[in-house]
Amino acid sequence: MASLTFPGVLRQPVTMQRYFDDKPKYSLRNDKTSSLACQKPNIPRNLSSSVASPTRVAAPSLDNETIADRSQNHVAWTSIRQERWEDELVVEGEIPLWLNGTYLRNGPGLWHIEDYNFRHLFDGYSMLVKLHFENGRLIAGHRQLESEAYKAAKKNKRICFREFSEVPKPDNFLAYVGDLASLFSGTSLTDNANTGVVKLGDGRVVCLTETQKGSIIIDPNTLDTLGKFEYSDNLGGLIHSAHPIVTDAEFLTLLPDLVKPGYLVVKMKPGTNERKIIGRVDCRGGPAPGWVHSFPVTEHYIVVPEMPLRYCAQNLLRAEPTPLYKFEWHPESKAFLHVMCKASGKIVASVEVPLFVTFHFINAYEEEDEDGRVTAIIADCCEHNADTTILDKLRLHNLRSFNGQDVLPDARVGRFIIPLDGSPKGKLEAALDPDEHGRGMDMCSINPNYLGKKYRYAYACGAQRPCNFPNTLTKLDFVKKMAKNWYEEGAVPSEPFFVARPGATEEDDGVAISMISEKNGGGYALLLDGSTFKEIARARFPYGLPYGLHGCWVPKI
């Protein structure tokens, strides 16, 4: 789930303050009030001195604030309390001594400007959170990303760029015409890079969203915004996949072509800003390309999904968002998966598959016969049963008004089987019984050493019903077709990010890192053992953080 790249809809201009009013109000509590579904061992608290002398930015005072002062908004759906904070945290349990580096998480941190509340989860201005682990200690911090969209909103006290479901109100008709012109040139599109953060092979760390201009370099230690990541090629275009495939050796992404429906598949070498074309895929159906928020790869192939949830130019210009925002559902256009050879750029398979809706692919690999010949591609994703209502369920009003009813649409691990023998159709089935993970599924990670290879485990967010949003952390075992689930009543966990232990020989030897937003307004960082999926450590923040999206790991050199 991530900030979309197309322009939004017309709203009234509003104002903002330096410190934000849309925040939970509660008394700071150090006691632990909820219980774990996975039994937590009896572990002592451990407070140690600062690592590397971090710059400490104090948390705001919570004096005379109570949760009853506000509505029942969960802290996960409220704006961050201040622009910047950093400190060392008290750790309950033990952080593995091998875990040395920084986990970075990106996501929307500010969902309002003064008294105007944004409408959708994907609208919020980016906030970076870091968890720096060193010698069993933890320094945490957060900071608003200083995109042009964010800085302009602060300066002008109004929305100045087109977000997912928000658009600045023009002063007059001529300004409106000018805004439409700037839309097609891309200048009015947001650079609010609130979706993901990646470490390139050359060490640069870049925040991303689906607008190409929303590629911003940051300092992973200070979280400072360093400047735009400018692509030096002439490929043009306005949008790209929010989730490129990034390793130490390569950077792969897709560029949707909205004029001649299709996708450019491109690569970029470490140390450069120049993308080069591997090949092109022409769409087989529909008036526009399907949404490509993410895509999978194998060792030798790139899988390009063509989803019937397609970009829609008409919806871009509407004064109010449609239920599908920048998209239209075209089941008559069917759904396809295309397989491209990484080396040659040639399409080796293009198959029709059952209709599907997905934000996030998990992984893909090549299936071989006894003679070592590749016979099929297996591609797994978090699939929402071809139900597009998940987009509208992510409106902040819906997330904030949970009343105990079970309204989260069902989801599963969708497994695509793409034959490479020339067959015209592929298959889509559930990789395991969806009841294993509560029929909720999204926000996934794997051991990065198994990217594009046959794998057994994945880590994701599932559901403990009733709920209106994924509320568990889940370890998926595709061999035993079972899941282990972590759940804490009222908690909203972020994506479990897997970090492998250096030198590990087992796929699940490592830790899963998540950040938890609690129903009482608090929050904490959580570490689960990658194998047993039991808690090994937690560290409480001074105040709860809003829900975040995707992250990356920057190892200590």
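We count residues from 1, following the sequence as given.
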Residues in salt bridge (Lys or Arg N to Asp or Glu O under 4.0 Å) contact with Lys151, at least two apart in sequence or another chain: Glu148
Reported CG-to-CG distance for the pair Leu110 and Leu145, which is rounded to 0.5 angstrom: 12.0 Å
Which residues satisfy the side-chain contact (heavy atoms from CB on, under 4.5 Å) test with Asn363, sequence neighbours excluded? Ile446, Leu451, Tyr455
Verify whether the ring centers belonging to Tyr325 and His120 lie closer than 6.0 Å. yes
Residues in side-chain contact (heavy atoms from CB on, under 4.5 Å) contact with Thr222, at least two apart in sequence or another chain: Asp219, Asp224
Among Lys342, Lys276, Arg275, whose salt bridge (Lys or Arg N to Asp or Glu O under 4.0 Å) with Glu250 holds? Lys342
Can you find a pair of side-chain heavy atoms, one from Trp77 and one from Phe402, that are under 4.5 Å apart? no
Whether the side chain of Lys130 engages the backbone of Asn221 through a donor-acceptor N/O pair (distance < 3.5 Å, no angle test) should be reported. yes
Can Asn192 and Ser147 be counted as having a side-chain donor-acceptor contact under 3.5 angstrom? no
Using side-chain contact (heavy atoms from CB on, under 4.5 Å) as the criterion, list what pairs up with Pro546, not counting sequence neighbours. Ile80, Trp111, Met127
Can the ring centroids of Tyr125 and Phe118 be said to lie less than 6.0 angstrom from one another? yes
So, for Ala249 and Pro270, which heavy atoms are closest and what is the spacing to 0.1 Å? O-CD, 3.6 Å
Point-to-point distance, once rounded to the nearest 0.5 Å, from OG of Ser294 to CD of Glu210: 9.5 Å
Could you tell me whether the side chain of Val246 reaches within less than 4.5 Å of the side chain of Val206, counting heavy atoms only? no
Which residues pass the ring pair (Phe, Tyr, Trp, His ring centres under 6.0 Å) test with Tyr231, sequence neighbours left out? Phe229
Drop me the distance from Ile362's CD1 to Met443's CE, to the nearest 0.5 angstrom. 12.0 Å
Quick one: salt bridge (Lys or Arg N to Asp or Glu O under 4.0 Å) partners of Glu274, sequence neighbours excluded? none
Check ring pair (Phe, Tyr, Trp, His ring centres under 6.0 Å) between Phe498 and all other residues, then give those that pass, not counting sequence neighbours. Tyr459
Scan for side chain to side chain donor-acceptor pair (under 3.5 Å) pairs involving residues 261-272, sequence neighbours excluded, and state none if there are none. none
Within the distance-only criterion (no hydrogens, no angle test), does the side chain of Thr358 pair as donor or acceptor with the backbone N or O of Cys382 below 3.5 angstrom? yes
Determine the minimum heavy-atom distance between Pro261 and Pro287, stating which atoms define it. CG-O, 3.7 Å
Sub-6.0 Å ring centroid separation between Tyr311 and Phe327: yes
So do the side chains of Arg540 and Glu518 get within less than 4.5 Å of each other, counting heavy atoms only? yes
Under the ring pair (Phe, Tyr, Trp, His ring centres under 6.0 Å) test, which residues partner Tyr103, sequence neighbours left out? Phe497
Any residue meeting salt bridge (Lys or Arg N to Asp or Glu O under 4.0 Å) with Arg280, in chain and number order, not counting sequence neighbours: Asp257, Asp282
Ring geometry between His550 and His243 (parallel below 30°, tilted from 30 to 60°, perpendicular above 60°): perpendicular
Could you pull out the closest heavy-atom pair between Val297 and Leu252, with the gap in Å? CG1-CD1, 4.1 Å
Run the salt bridge (Lys or Arg N to Asp or Glu O under 4.0 Å) test against Asp387 and tell me which residues pass, sequence neighbours left out. none
Residue set satisfying side-chain contact (heavy atoms from CB on, under 4.5 Å) with Ala335, at least two apart, ordered chain then number -> Pro308, Val353, Leu355, Phe356
Before giving the answer on side-chain hydrogen bond (donor to acceptor under 3.5 Å, both in side chains), spell out for His384 and Asp442 the whole-Å C-alpha distance, their side-chain angles and the decisive distance to 0.1 Å. CA-CA 9 Å; His384 296 276; Asp442 220 317; 3.0 Å; yes
If I compare all heavy atoms of Leu324 with all of Leu391, which pair ends up nearest, and what's the gap? O-CD1, 4.1 Å
How long is the straight-line distance from NE2 of His132 back to CG of Leu138, given to the nearest 0.5 Å? 9.0 Å
